[in-house]
Amino acid sequence: MKSNGTDICFTTSSGHIGSYLAISVICLTVIFAGGCDKFFKKPQPKTMGNDVVAITITQKDTPVTFELLGQTESSHKVEIRARIEGFLDKQLYADGSYVKANQPMFLIDPKPFQAALQEAKGQLAEQKARHWTAQANLKRVKPLAAKNALSQKDLDDATGQEQEAAAAVLAAEGQVRTAELNLSYTNIYSPVDGISSNAQKMTGSYISATDSLLTYVAKLDPIWVNSSVSENEYLRLRKSAAEKTLIFPKDEAYEVELVLADGSTYPIKGRMLFADPSFSQETGTFMVRAEIANPHHMLKPGQFVRVHLKGAIKPKAISVPRKSVLEGAKGNFVWVVDKDNKAEVRQVTLGQWQGDDVFVESGLFPGERVVTDGIQKLSDGMAIKIVDKLKSDGGGAQSNTGSSK
């Protein structure tokens with residue numbers, strides 16, 4: 001077929017038709033694949049962002065708390081002992097009960113001591129009678145000796161007899177007093193308010209001078225808390241005071257706070273009582289003692305507690321949250337945000353831990369920004385964005401790294 005001088009030929013051979021069909025299939029496949037990609041493309045996961053939370057470093061006078069391990073002790077633990085020998089007649093208190101001062105606790109059989117008192121009173125009466133006789137004789141001798149009717153020797157003898165009888169009366173009065181005391185010692189009282197221990201002797205036991213311990217009474221209000229400070233710690237604190245990197249309270253007037261074994265804080269604050277002037281040769285430590293009011297007897301002797309001594313100040317201190325500090329091959333480090341908002345590793349020297357914070361002795365300067373949250377995915381030189389709070393992940397838990405849209 002011809003048209004406008006151009007030959008247009010339609011060929012109907014089977015070979016040509018197969019070629020056209022193959023080309024058509026290839027073209028349709030390419031077009032279909034390109035179009036379906038828009039509909040069947042899998043969603044790509046969100047890339048992790050570089051959002052972080054950071055704080056700006058400042059210098060300020062910061063309170064310092066010293067933490068020591070302490071053990072409670074009764075402020076007045078008394079051994080209840082018998083002062084006399086005899087048979088234990090009665091126990092007048094219940095083991096472990098609270099007793100008050102001057103409350104009777106034991107009774108020793110009083111009958112032998114009552115008899116001894118009666119005998120001593122009889123001796124006193126006899127000596128008083130002899131003294132009366134000697135006084136009467138002296139009265140008769142004195143005027144006769146004055147008239148030389150009796151010799152001077154007779155006067156001296158009468159005077160000596162009267163004085164001897166008077167001395168005998170004093171000795172007999174002393175015996176009566178001793179017998180009265182011994183009888184009073186048969187009643188054994190508590191000298192203080194406190195918690196009693198169990199009885200060391202049973203009723204009917206014989207109490208001797210070498211085995212006289214009956215029980216204990218421990219005063220609980222106030223209660224003492226004893227702690228130990230090592231020589232190294234003592235020298236470190238002295239050095240800090242000399243360098244004025246620590247300022248201690250005047251007259252060591254620390255406020256004392258106790259943390260109990262379950263982590264709770266004892267509700268009443270105490271005070272420092274004294275510090276031992278010398279080190280123990282056995283442990284190389286010296287003892288410090290605090291006194292705490294214990295009106296409800298919550299604290300018992302022998303408990304282990306953590307003692308917080310408050311009142312010292314660290315002037316112009318720099319501190320960061322503990323969670324911002326990491327440890328590497330070269331020591332402790334933090335992530336710092338530089339002026340271009342990029343992450344930078346900074347080696348730091350740490351000081352004392354203070355609750356959730358830690359003092360930084362060197363490595364940081366006022367005005368610098370330290371990353372506190374989102375540090376797990378950081379690398380040196382990474383661009384970061386400071387936010388107030390990290391976004392939550394799909395499960396609702398806060399992410400440590402955040403995400404970017």
Is any NZ, NE, NH1 or NH2 atom of the basic residue among [X] and [Y] found under 4.0 Å from an Asp or Glu carboxylate oxygen of the other?
X: Asp109; Y: Lys111; answer: yes
X: Glu344; Y: Arg346; answer: yes
X: Arg306; Y: Glu257; answer: no
X: Glu255; Y: Arg271; answer: no
X: Glu361; Y: Lys314; answer: yes
X: Arg130; Y: Glu164; answer: no
X: Asp373; Y: Lys323; answer: yes
X: Glu173; Y: Arg177; answer: no

Cationic tip of Lys90 above Phe106 ring, under 6.0 Å, 45° of axis: no
What do you reckon, is [atom1] of [X] surrounded by more than 12 foreign heavy atoms closer than 6.0 Å?
X: Asp340; atom1: CG; result: yes
X: Lys77; atom1: NZ; result: no
X: Met298; atom1: CE; result: no
X: Arg83; atom1: CZ; result: no
X: Glu119; atom1: CD; result: no

Are Tyr216 and Gln200 close enough, and set up right, to give a side-chain hydrogen bond (donor to acceptor under 3.5 Å, both in side chains), and what steps lead you there? CA-CA 9 Å; Tyr216 299 89; Gln200 304 294 306; over 6 Å; no
Check [X] against [Y] and note the closest heavy-atom contact, atom names and distance.
X: Gly374; Y: Val52; value: O-CG1, 3.6 Å
X: Ala94; Y: Ser196; value: O-OG, 3.5 Å
X: Ser75; Y: Pro222; value: OG-O, 2.5 Å
X: Ser324; Y: Val371; value: CB-O, 3.3 Å
X: Glu231; Y: Phe279; value: CA-CE2, 3.6 Å
X: Arg81; Y: Ile188; value: O-CG2, 4.4 Å

May I have the step-by-step check of side-chain hydrogen bond (donor to acceptor under 3.5 Å, both in side chains) for Gln161 and Asp157, ending in yes or no? CA-CA 6 Å; Gln161 290 171 359; Asp157 289 342; 6.0 Å; no
So do the side chains of [X] and [Y] get within less than 4.5 Å of each other, counting heavy atoms only?
X: Ile57; Y: Val320; value: yes
X: Val360; Y: Thr349; value: no
X: Thr72; Y: Phe304; value: no
X: Trp353; Y: Phe359; value: no
X: Met287; Y: Phe274; value: yes
X: Thr186; Y: Leu107; value: yes
X: Val288; Y: Asp276; value: no

Distance-only donor-acceptor check, side chains [X] and [Y], under 3.5 Å:
X: Glu73; Y: Asn226; value: yes
X: Ser264; Y: Asp262; value: yes
X: Tyr234; Y: Thr285; value: no

Centroid-to-centroid, Tyr185 to Phe113, below 6.0 Å? no
Say you draw a straight line from CD of Gln118 to CG of Leu183; how long is it, rounded to the nearest 0.5 Å? 11.5 Å
